[in-house]
Novice: 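Dropping the structure in here first, questions after.
Here the structure is a predicted model, which means the values were calculated and not measured.
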Amino acid sequence: MQITKDMTIGELLSIDQGVGMVLMQNGMFCVGCPSSVGETLEEASMVHGMDIDQLMSDINDYFADKEA
């Protein structure tokens with residue numbers, strides 16, 4: 001699974017809704033907001049003052065754990 005910064009939150013959640021917990025653990029509590037599904041991971045990270053590289057690492061770790 002290749003996750004990129006330009007994927008929208010909606011795309012990511014359609015792949016695996018469980019990743020919503022990873023987003024919330026990183027401080028992105030608006031994953032259920034209708035407008036958030038159209039934001040890219042990078043856009044949402046900027047809006048919430050999050051470190052996109054850390055978020056991407058956590059998301060990729062989540063998927064790696066699922067594959068193990």
Side-chain angles (χ1 to χ4, degrees):
M1 173 70 45
Q2 180 63 33
I3 304 301
T4 63
K5 296 176 187 180
D6 64 339
M7 290 181 78
T8 65
I9 293 173
E11 288 175 308
L12 188 58
L13 291 173
S14 71
I15 293 168
D16 185 331
Q17 289 188 354
V19 79
M21 188 58 81
V22 177
L23 297 173
M24 289 189 287
Q25 288 171 342
N26 277 275
M28 195 176 297
F29 299 105
C30 64
V31 293
C33 173
S35 63
S36 72
V37 295
E39 286 184 317
T40 66
L41 289 170
E42 189 167 37
E43 291 168 338
S45 293
M46 286 189 295
V47 167
H48 292 283
M50 300 167 59
D51 179 351
I52 185 62
D53 294 321
Q54 180 62 52
L55 178 61
M56 295 301 298
S57 176
D58 291 347
I59 291 170
N60 286 316
D61 287 348
Y62 168 79
F63 282 109
D65 288 345
K66 287 191 74 163
E67 293 175 1

Novice: Hey, can you pull the donor-acceptor pairs under 3.5 Å for the side chains in residues 44-52, sequence neighbours left out?
Specialist:
| from | atom 1 | to | atom 2 | distance (Å) |
| --- | --- | --- | --- | --- |
| S45 | OG | L41 | O | 2.9 |
| D51 | OD1 | D53 | N | 3.0 |
| D51 | OD1 | Q54 | N | 3.4 |

Novice: Side-chain heavy atoms under 4.5 angstrom apart, residues restricted to Ile, Leu, Val, Met, Phe, Trp, Tyr: same cluster for L55 and V37?
Specialist: no
Novice: Could you report the tightest heavy-atom contact between C33 and S36, atom names first, then the distance?
Specialist: O-OG, 2.8 Å
Novice: Using the side chain to side chain contact (heavy atoms under 4.5 Å, CB included) criterion, which residues pair with M7? Sequence neighbours excluded.
Specialist: I3, T4, E11, I15
Novice: Counting only pairs under 3.5 Å, give me each side-chain donor-acceptor contact of residues 22-31, with atom names and distances, residues two or more places apart or in other chains.
Specialist:
| from | atom 1 | to | atom 2 | distance (Å) |
| --- | --- | --- | --- | --- |
| N26 | ND2 | V22 | O | 2.9 |
| N26 | ND2 | D58 | OD2 | 3.2 |

